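What follows is a short report on a single structure.
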Amino acid sequence: MSIYIGNHLSSSGGFLAMGKEALRLGADTFAFFTRNPRGGAAKEIKEEDAKALEEFIKAHNFGRLVAHAPYTMNVCAAKEDIKEFSRQMLKEDIIRMEYVPGNYYNFHPGSHVGQGAEAAIPMIADAINNAIIPNQTTTILLETMAGKGSEVGRSFEEIKAIIDLVDKDGYVGVCLDTCHVWDGGYDWSAGIDSVLDEFDRIIGLNRLKAVHLNDSLNVCGSHKDRHARIGEGQIGEEILKSIVNNPRLQGKPFILETPNDDEGYMREISMIKEWNGKNII
Ligand code: FE
Ligand code: FE
Ligand code: ZN
């Protein structure tokens with residue numbers, strides 16, 4: 001088994017266009033924003049377009065796609081109107097995700113903006129409980145965060161505390177961001193397996209569904225969240241290569257969120273495929 005690899009694509013041209021673009025870049029999965037990442041406005045989904053993508057990704061043996069919620073979504077905001085708008089976005093996005101069944105919807109747990117993580121955690125869980133629809137095929141992923149500002153999800157314990165408050169099991173997993181956990185204080189240089197063991201002990205590796213593969217501009221524990229290209233940051237090529245090839249992470253979608261143009265993504269995708277022993281198309 002090997003990993004699936006891809007990057008963030010623009011959804012402005014519709015669903016099928018993203019599948020084709022991913023293939024052009026040499027990818028076999030991809031990420032996309034469900035709405036304007038800095039605003040929240042959502043485009044109408046065309047059913048034929050969604051169906052066409054579904055067939056396309058099946059035909060080309062893609063791994064699961066990893067959609068990303070807008071950055072403006074904060075279901076534990078202190079301001080009631082932002083919180084309510086965010087809860088509504090989350091709920092609507094799950095319904096929208098079902099147009100292309102069986103994929104992942106990743107979101108940042110949120111920022112507690114001075115209320116404290118203890119107050120925010122039940123709000124996040126409640127927003128998830130409010131959004132889950134019976135028999136949904138989409139898995140909601142909580143992203144591990146760097147702990148910048150008042151971000152919730154800065155430790156495996158905080159992620160686990162949210163999951164524990166979700167009513168229905170089987171709908172929630174975790175997306176591990178290699179830059180964020182490093183910035184959060186989990187030291188990959190002590191061994192990939194020691195970080196994964198810790199994840200397993202606190203959350204359970206069965207919850208780990210996807211990886212955001214990024215190098216970090218800063219040192220471990222910096223809580224900065226500045227991504228670097230693969231091999232050009234403080235984590236470095238050797239460690240990232242070991243993450244890509246870790247037996248416990250095979251079969252999962254890996255999404256690059258590195259500062260690159262298309263050329264750069266093509267290069268990184270083919271480099272990672274080569275690391276991972278995958279045939280390059
Ligand atoms: Fe993210
Ligand atoms: Fe990320
Ligand atoms: Zn980040």
Side-chain angles (χ1 to χ4, degrees), residues 1-33 37 53 56-57 59-68 71 103-104 106 141 143-144 146 175-183 188-189 192 195 208-220 222 224-281:
M1 225 198 318
S2 43
I3 64 156
Y4 296 94
I5 180 78
N7 62 311
H8 266 266
L9 299 177
S10 160
S11 58
S12 59
F15 278 153
L16 181 61
M18 285 192 287
K20 289 181 173 169
E21 176 65 0
L23 199 66
R24 186 181 77 83
L25 298 175
D28 51 13
T29 181
F30 61 89
F32 61 99
F33 285 104
L53 174 66
F56 187 88
I57 59 179
H60 294 281
N61 298 314
F62 274 37
R64 289 188 193 221
L65 312 180
V66 192
H68 199 300
Y71 295 126
N103 292 298
Y104 295 135
N106 171 66
L141 305 186
E143 181 168 351
T144 60
C175 174
L176 183 142
D177 187 309
T178 58
C179 164
H180 294 177
V181 297
W182 168 266
D183 280 24
W188 291 116
S189 70
I192 312 310
V195 176
L208 180 46
K209 305 294 186 191
V211 176
H212 281 173
L213 187 69
N214 305 304
D215 211 326
S216 172
L217 281 181
N218 295 289
V219 294
C220 179
S222 63
K224 289 265 175 53
D225 190 9
R226 304 271 318 275
H227 301 190
R229 282 190 283 263
I230 303 304
E232 294 182 11
Q234 297 290 325
I235 302 176
E237 182 173 320
E238 264 332 289
I239 291 174
L240 289 164
K241 195 172 180 175
S242 306
I243 294 173
V244 163
N245 288 328
N246 189 283
R248 296 197 272 185
L249 300 177
Q250 302 312 295
K252 299 185 199 306
F254 278 54
I255 304 297
L256 293 163
E257 299 177 306
T258 45
N260 270 311
D261 54 13
D262 281 4
E263 258 331 80
Y265 281 125
M266 268 188 189
R267 252 198 320 273
E268 281 189 348
I269 289 167
S270 96
M271 174 176 80
I272 285 149
K273 278 189 165 177
E274 203 169 318
W275 287 353
N276 196 228
K278 277 190 103 160
N279 291 331
I280 297 160
I281 308 155

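Everything numeric here is computed off the predicted structure, so don't read it as measured data. Just so you know, these numbers use all the heavy atoms, side chains as well, and skip hydrogens, waters and symmetry mates.
Of the residues Asp225, Thr258, Asp177, Thr178, the one that meets the side-chain hydrogen bond (donor to acceptor under 3.5 Å, both in side chains) test with Asn214 is Asp177.
Considering all non-hydrogen atoms of both residues, Gly231 and Leu240 come closest at N-CD1, 3.9 Å. Nearest heavy-atom pair, Ala27 versus Gly6, reported as atom, atom and distance to 0.1 Å: CB-CA, 3.7 Å. For the pair Tyr265 and Asn260, the tightest heavy-atom approach, listed with the atom from each and the gap, is CE1-O, 3.4 Å. Closest approach of Trp182 and Gln234 over heavy atoms only: CZ2-O, 3.6 Å. Scanning all heavy atoms of the two residues, the minimum distance from Arg229 to Pro259 falls at NH1-O, 2.8 Å. Residues Phe62 and Ala22 come closest through the heavy atom pair CE2-CB, 3.8 Å.
In this structure, Lys241 does not pair ionically with Glu238, as no charged nitrogen and carboxylate oxygen lie closer than 4.0 Å.
At a threshold of 4.5 Å between non-hydrogen side-chain atoms, the residues Ile5 and Val244 do not count as touching. With contacts defined as side-chain heavy-atom distances shorter than 4.5 Å, the pair Leu208/Leu249 qualifies. Between Lys209 and Asn106, every side-chain heavy-atom pair lies at or beyond the 4.5 Å cut-off. For the pair His180/Glu143, a side-chain contact is recorded, criterion being any heavy-atom separation below 4.5 Å from C-beta on. In this structure, Cys175 and Tyr104 have side chains that are not in contact, with every pair of non-hydrogen atoms separated by 4.5 Å or more. In this structure the side chain of Ser189 reaches within 4.5 angstrom of the side chain of Ile239, judged on heavy atoms.
Partners of Gln250 according to the side-chain contact (heavy atoms from CB on, under 4.5 Å) rule, which considers only residues two or more places apart in sequence or in another chain, are Met1, Ser2, Ile3, Asn276. Residues satisfying the side chain to side chain donor-acceptor pair (under 3.5 Å) test with Asn218, not counting sequence neighbours, are none. For Ser242, there are no side chain to side chain donor-acceptor pair (under 3.5 Å) partners two or more places apart in sequence or in a different chain.
Distance check, rounded to the nearest 0.5 Å: CD1 of Ile235 to CH2 of Trp188 gives 8.0 Å. In this structure, Glu257 CD and Asp215 CG are separated by 13.0 Å, a value rounded to the nearest 0.5 Å. Note that OG of Ser216 is 8.0 Å distant from NE2 of His227, once rounded to the nearest 0.5 Å. Separation of atoms CG (Leu256) and CD (Glu268) is listed at 5.0 Å; rounding is to 0.5 Å. Going from atom CG of Asn7 over to atom CZ of Phe254 covers 15.0 Å, rounded to the nearest 0.5 Å. Here the straight-line distance linking atom OG1 of Thr29 with atom CD1 of Ile269 works out to 10.0 Å at 0.5 Å rounding.
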* Please lay out, stage by stage, how Leu217 and Lys224 fare under the test side-chain contact (heavy atoms from CB on, under 4.5 Å). => CA-CA 9 Å; Leu217 281 181; Lys224 289 265 175 53; over 6 Å; no
* Test side-chain hydrogen bond (donor to acceptor under 3.5 Å, both in side chains) applied to Asp28 and Asn61, step by step -> CA-CA 7 Å; Asp28 51 13; Asn61 298 314; over 6 Å; no
* To do: Take Arg248 and Ile192, measure what side-chain contact (heavy atoms from CB on, under 4.5 Å) needs, and give me the verdict at the end.
  => CA-CA 10 Å; Arg248 296 197 272 185; Ile192 312 310; over 6 Å; no
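Judged by distance alone, with hydrogens and angles left aside, the side-chain atoms of Asp183 form no donor-acceptor pair with the main-chain N or O of Ser222 at under 3.5 Å.
For Phe15 and Phe56, the ring centers sit 6.0 Å or farther from each other. Checked against the 6.0 Å centroid criterion, the rings of His8 and His68 qualify as a close aromatic pair.
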